[in-house]
Amino acid sequence: MTRYFFKRLLSGIFTIWITTIAVTLLIHLVPGDPVQIMYAQSQSTTPEQLEQIRRNLGLDRPIYEQYIMYMGRILQGDFGTTIRGNQPVLDLLLVRLPNTLLLTTASLVVTIVVGVTAGFFAAYKRDTWIDSTLMTAAILGISVPSFWLGLMLMYIFSMQLGWLPVSGTSLRNLILPAITLGLANAASVSRLTRSSMIDVLTQDYMRTARAKGLKEGTVLSRHALRNGLVNVVNMLGLQFTYMMGGAIVVENVFAWNGIGRLAIQSIFQRDYPTIQGFILIFATVVVVVSMVLDLLYVWIDPRITYK
Amino acid sequence: MPPLLSVENLSTHFVTKAATVKAVNQVSFQVNPGETVGIVGESGSGKSITMLSVMGLVPSPPGQIVSGQVYFEGQDLLKLPLEQLRQIRGNQMAMIFQDPLSSLNPVLRIGKQLVEAIRRHTNLSSADAKAHAIHLLQRVHIPNAAQRINAYPHQFSGGMRQRVMIAMGLACNPKLLIADEPTTALDVTIQAQIVELIKELRADLGMAVVWITHDLSLLAGLADRILVMYAGQIVEQAPLLDLYANPRHPYTLGLLQSIPRLDAAQQTRLRPIAGLPPNLANYPQGCPFAPRCQYAIDRCTTEDPTLEAISPEHQVACWVKPERP
Ligand SMILES: Nc1ncnc2c1ncn2[C@@H]1O[C@H](COP(=O)(O)OP(=O)(O)OP(=O)(O)O)[C@@H](O)[C@H]1O
Ligand SMILES: [Mg+2]
């Protein structure tokens, strides 16, 4: 267990390290002069000023030196400042990160509740109309882009029915984006749950549980669900990664003030330091959360503990 | 004494779009209190499905009990509401299975799996149920029962797992224990230990046992009576010694000849039965064994023989009933 944990930790650190390299190269991979791109919108900057900025950002030095400088700053918690407004990037990101985490967590709850329930019933009522209805819905759910689903929900619940606010960042505002992002992922979770449950329902230990005379509800909840969830939990780390990606879109559709919205704004403004910071924070969150979910997987399935 | 279990004309089929597999056909037999009955037959002959039908555990769909009665202590289990049947299962009638690893839930501690069986049918508190579970593990000779109760199935050896299964079956002192090839997945020395264990427990508890196996020699010294199944039918039934001494169905004869005998002269060779059992989805006309039978006469291919008594306790389904050569 401890060994597994450290292995997992090391690979997480490695992933983040690779991300820092990618982030440094990012500026140079985009065609054109980064400084000119960044300041193209403000006419007033003179060539001398541009040169000054270039030197401040260290862009006149060799790449490996830039990388070492960048790492040095990051390790001290300095992610640079935004191009416009000169705000510290880290502060900006950390203020908005809780909003993104709130959104993704709420969405994950929607995904699990809707996806697992639907998948479970589809498996239990396998090859009946219930199964086919649920799985058709799941295929639709997978094919519908989340921005479209989001706009539809917004149209129905906010504009037509007037039940929920159109956009903003409050708890009441959380409902629609969380449902949008949650449903988009619930579809694939329901399909996975279904196939996993179908497998579990035909296992020998299910017969043993029934042979004891246990009630059907006990057989399903205690014996089937827990085993079926092993596979689902195993997939949650990946789901969460998708969800973080999806959050970028959904945050923008619903004007939810998370880091995804900030990222898109920064991209439009060619605000490289913020984009770099965003990528790093994003990668770190994904790595940490997947690690926690993996540990949950080890905990739920006792057989893995000793591997 | 009335029989503990009486199965009458039981037929269980598997109905799918492609075919109907007649897994069990018009099977009738009885088990008396405290008696041990062996059911023997080749793979696919319907041994497990017969006893799963008794327990009400045939996977459905596609399985379907199409006819018959199953009387347990005089009650027809097939007519019983499901909830009442569940109160008998695991309580008065228990079943253990071939593969103890896959038959135990991998993510639950064995203590939990034992306790849930106990508490389902008793009013014991969880502490008392746990104490009883430890007692059951001791009873099946699992060392350090008090600690082992917290282990998971994968932490046990094959033989120990089967002991856990047996302990689970005994949780409520059943009147009938159905053992479906409980030793097949185990190696030979462990097999013998499990057989000894069941004999010991049977003597202590006075329960009846139905022991399913494809190995006729295993039943020597274990079973009182034997049912021989072929293609979903009982083709011969007799007390153990009677069957060994005077087998009258050619299939039983074949089974006995395929057992190596220590006392046999060197030159008598083992003779496995030639040919394959019939396709149960396309049931043949006449006796299902006829295509493989060296004694078959014309009548065998047109008319299916029914069980006929050749002595009060010995019945054979065969038109020829050849004596052992
Ligand atoms: N779920 C199922 N669907 C379709 N057919 C089945 C199913 N389960 C069993 N059968 C059929 O029922 C017949 C009897 O099976 P059963 O398991 O009772 O055999 P068995 O005598 O116990 O054999 P073994 O020694 O291999 O355990 C087999 O021919 C099998 O093809
Ligand atoms: Mg079987």
With chain B, the option among A/R210, A/R207, A/R226 that has the most non-hydrogen atom pairs under 4.5 Å is A/R207
Winner by heavy-atom pair count (cut-off under 4.5 Å) against chain B, out of A/K215, A/H223, A/K212: A/K212
Is it the side chain or the backbone of [X] that comes within 4.5 Å of chain A heavy atoms, both, or neither?
X: B/L52; value: side chain
X: B/A117; value: both
X: B/P59; value: neither

Do the non-hydrogen side-chain atoms of A/R126 and A/L201 ever get within less than 4.5 Å of each other? no
When only pairs under 4.5 Å are counted, which of B/Q87, B/E116, B/M55, B/M168 shares the most heavy-atom pairs with chain A? B/E116
Do you know which of B/R109, B/Q113, B/M95, B/Q98 has the most heavy-atom pairs under 4.5 Å to chain A? B/Q113
Output yes when B/K175 and B/E35 qualify as a salt bridge under the 4.0 Å nitrogen-oxygen rule, no when they do not. no
Could you check whether the rings of A/F282 and A/F278 sit parallel, tilted or perpendicular, using 30° and 60° as the cut-offs? tilted
Parallel, tilted or perpendicular for B/H135 and B/H132, by the 30°/60° rule? parallel
Any chance the side chains of A/S196 and A/N231 put a donor and an acceptor closer than 3.5 Å? yes
Flag for B/E181-B/S48: side-chain donor and acceptor within less than 3.5 Å: no
Proximal component of A/R222, with respect to chain B [non-hydrogen, under 4.5 Å]: both
